[in-house]
Structures are given as structure tokens and as C-alpha cells.
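One structure is given here, and the rest of the page talks about it.
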Amino acid sequence: MSPLRLGINVDHVATIRNARGGTHPDPVRAAHTAVGAGAHGITAHLREDRRHIRDEDVARLVDELKVPLNLEMAATAEMIGIARRHRPHAVCLVPERREEVTTEGGLDVAGQRDRLRDACQALAETGSRVSLFIEADPVQLEAAVAVGAPVVELHTGSYCSARGPGQDREFARLADAAARADRLGLECHAGHGLDFETVGRIAAITTLSELNIGHFLVGAAVFTGLAEVVGRMLLLMEAARAGAPVTAR
């Protein structure tokens with residue numbers, strides 16, 4: 001059973017900064033705080049419209065972080081060029097539409113194999129480890145292997161928003177997909193919408209290696225501080241992975 005890492009997404013610290021302009025709050029400072037609290041890595045999504053993370057944030061994160069940076073981005077020529085220039089530890093390719101509030105669903109890898117194969121190759125050439133943000137779908141997992149991605153990240157948004165039997169069905173899909181990814185030789189991550197209430201079952205899936213969590217923790221940090229909420233999330237993940245009872249509060 002692999003250890004379970006926690007990546008903290010600092011996008012929405014930048015969202016708050018950009019709402020008023022200026023330099024505060026600083027997402028790079030937030031990244032350092034999260035790492036100081038035990039986070040294993042930092043995630044930042046550089047969007048085409050720069051609605052939160054900006055180019056200068058990426059440059060500072062690459063320069064200052066002592067832990068892996070996972071740069072989320074669309075598989076466009078502009079973004080691939082930026083990633084090849086900065087060479088982050090990892091690049092997670094995600095679908096992106098200007099009108100969406102946040103990333104909605106996973107990449108259709110099976111429907112754009114040639115394009116994503118080229119993107120994976122271009123990013124690997126400069127040393128970045130590529131992951132694909134996908135739904136818990138066997139077809140997409142097989143396609144991820146075909147395009148040469150070593151890592152996939154499963155979209156947990158539907159699980160987090162479902163209730164009752166629907167959530168049980170979504171969890172089963174995620175658990176099955178993580179097991180299938182392992183059999184295919186893919187490293188498997190998960191993220192989107194996870195909070196103190198929903199993380200336990202996901203963290204207990206032993207074939208997952210990493211969870212990426214951002215929006216909830218940034219929001220919770222308003223009340224108790226970022227270091228405290230990152231520490232609490234790590235404790236919940238560790239308890240779930242160890243098979244201990246998980247209490248969200």
C-alpha cells in the first residue's frame with residue numbers, strides 16, 4: 001500500500017487577491033504555509049483567462065517551492081509552451097471552458113488521443129510528469145495508457161455532491177477505477193470537491209497515491225487558519241488509510 005500524499009491547490013487564494021487587485025493575499029505565501037503544515041505538494045491552475053493564478057505566480061512557485069509543483073492547465077499550445085519553459089515537477093491536463101466557474105468533469109482522452117499524445121510527449125521531453133484529469137471510466141483509463149500518460153487524476157466532484165445510494169454508486173465507480181488504473185500501471189490521484197466529510201472514504205482507497213484539495217480548505221481557513229485546516233485534513237487522510245474511524249469534526 002503506497003503512502004497517501006496531499007497536494008494543496010492555492011488557486012482561490014489568488015481569486016481573493018484578484019477580486020480587489022494588488023498583492024494580498026499572496027498564493028505563494030499560502031503555498032509555503034501549507035507546506036509548513038505538512039502538505040506534500042502544491043497545485044496551481046493557470047487558466048487561459050488568468051482568473052486566479054497568474055504567470056508571475058507560476059514563476060515564483062517554481063523558483064521558491066521545495067516540494068513538487070503540480071501545474072494544472074489546458075492542453076493548448078500556449079500552456080504547453082509555458083510549462084516547457086518553467087518545467088514544473090508535474091503537469092495535470094484538464095478540460096477548460098471560459099464560461100465554467102470551475103473545472104467541470106474530466107478530459108475526453110479517448111476522443112482526442114492524437115492531440116493529447118503530442119502534449120504528453122512535449123511535456124515529458126522537458127521533464128514534467130504528466131497526469132490527465134479524467135472521469136472514473138474504463139475507456140478513459142485505457143486511453144490514458146495509449147497516449148503515454150504515467151498518471152491519472154480521478155474527478156471526485158460527482159461523488160462529493162451526491163447523497164445516499166447515489167454517493168455509494170459514485171464511490172464504487174471511483175474505487176473500481178483506481179484499482180483498474182493500478183492494474184494498467186498508472187499512478188492514480190483523485191480530487192475535486194473533497195472536504196472533511198467526504199475525504200475519508202476516498203482516502204481509504206489503497207490504490208490512490210495522492211489527493212488534491214483546494215477550494216474547501218481555502219474557505220475553511222478563513223475561520224481557523226490555513227495551517228490548522230491542512231493539518232486536520234492530513235489527520236483525516238492518515239486515519240482513513242490506517243483503517244481507523246474517521247470523525248470529520
Side-chain angles (χ1 to χ4, degrees), residues 7-15 17-18 27-28 31 41-63 65 68-137 139-157 186-193 210 212-215:
I8 301 298
N9 187 311
V10 296
D11 290 354
H12 295 299
V13 177
T15 298
R17 175 196 64 189
N18 296 354
V28 180
I42 297 298
T43 291
H45 184 173
L46 184 66
R47 281 181 169 268
E48 180 186 23
D49 60 10
R50 309 308 198 266
R51 69 177 64 170
H52 37 62
I53 294 296
R54 300 170 178 163
D55 297 72
E56 58 267 30
D57 298 325
V58 175
R60 289 179 59 210
L61 288 166
V62 169
D63 184 56
L65 284 180
L69 172 65
N70 175 38
L71 181 61
E72 288 188 350
M73 62 183 215
T76 64
E78 179 199 15
M79 291 300 160
I80 290 169
I82 290 169
R84 282 173 59 88
R85 184 165 67 251
H86 287 295
R87 302 186 176 195
H89 169 80
V91 171
C92 183
L93 298 177
V94 302
E96 186 175 306
R97 295 185 299 120
R98 275 186 177 270
E99 63 270 25
E100 67 187 359
V101 175
T102 185
T103 303
E104 299 172 353
L107 275 173
D108 179 16
V109 185
Q112 45 186 332
R113 292 192 185 205
D114 291 343
R115 177 168 170 252
L116 291 174
R117 185 182 293 109
D118 291 345
C120 288
Q121 181 176 345
L123 293 165
E125 285 173 355
T126 51
S128 293
R129 196 159 189 243
V130 183
S131 64
L132 303 178
F133 186 71
I134 63 171
E135 296 296 330
D137 180 347
V139 172
Q140 300 301 336
L141 287 165
E142 297 282 353
V145 174
V147 302
V151 184
V152 292
E153 181 170 336
L154 301 179
H155 177 230
T156 54
L186 294 165
E187 183 174 311
C188 193
H189 304 172
H192 198 86
E210 181 174 299
N212 287 299
I213 305 174
H215 182 264

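Computed from heavy atoms alone, side chains included, the values below leave out hydrogens, waters and symmetry copies.
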With sequence neighbours excluded, what pairs up with R87 under the salt bridge (Lys or Arg N to Asp or Glu O under 4.0 Å) test? none
Residues in side chain to side chain donor-acceptor pair (under 3.5 Å) with D137, at least two apart? none
For H45 and H52, the nearest pair of non-hydrogen atoms, with its separation, is O-CE1, 3.1 Å
Give the minimum heavy-atom separation between V130 and L93, together with the two atoms involved. CG1-CD1, 4.1 Å
Testing the basics here: between L69 and P88, what is the closest heavy-atom pair and its distance to 0.1 Å? O-CB, 3.8 Å
Non-neighbouring partners of D63 that pass salt bridge (Lys or Arg N to Asp or Glu O under 4.0 Å), sequence neighbours left out: none
Please list, one pair per line, the donor and acceptor atoms closer than 3.5 Å that link side chains of residues 73-84 to other protein atoms, with sequence neighbours excluded.
residue, atom, partner, partner atom, Å
T76, OG1, M79, N, 3.2
E78, OE2, R50, NH1, 3.4
E78, OE2, R50, NH2, 2.8
R84, NH1, A122, O, 2.6
R84, NH1, E125, OE1, 3.2

Sorted by chain and residue number, the side chain to side chain donor-acceptor pair (under 3.5 Å) partners of N212 (sequence neighbours excluded) come out as T43, E153, E210
What is the distance from atom CG of L71 to atom SG of C92, rounded to the nearest 0.5 Å? 9.5 Å
Using every non-hydrogen atom in the two residues, find where H192 and T156 come nearest and quote the distance to one decimal. O-OG1, 2.7 Å
Quick one: closest heavy-atom pair of V109 and A144, and the distance? CG1-N, 3.9 Å
Tell me, please, which residues at least two apart from H89 pass ring-ring contact (aromatic ring centres under 6.0 Å, His included). none
Show your reasoning for whether salt bridge (charged side-chain N to carboxylate O under 4.0 Å, His left out) applies to D49 and R51. CA-CA 5 Å; D49 60 10; R51 69 177 64 170; 3.1 Å; yes
Residue list, salt bridge (Lys or Arg N to Asp or Glu O under 4.0 Å) with D57, at least two apart or on another chain: R17
Separation of N18 CG from H12 NE2 (nearest 0.5 Å): 11.5 Å
Just verifying a value: how many Å separate H189 NE2 and N70 CG, rounded to the nearest 0.5 Å? 8.0 Å
For D108, give me all partners under salt bridge (Lys or Arg N to Asp or Glu O under 4.0 Å), at least two apart in sequence or on another chain. none
Look at the side chain of E187 and the backbone N and O of V151, then say whether any donor-acceptor pair between them is shorter than 3.5 Å. no
Is the shortest side-chain heavy-atom distance between L154 and I134 below 4.5 Å? yes
Which atom of I53 lies closest to which atom of L46, heavy atoms considered: O-CD1, 3.4 Å
Which residues pass the side chain to side chain donor-acceptor pair (under 3.5 Å) test with R113, not counting sequence neighbours? none
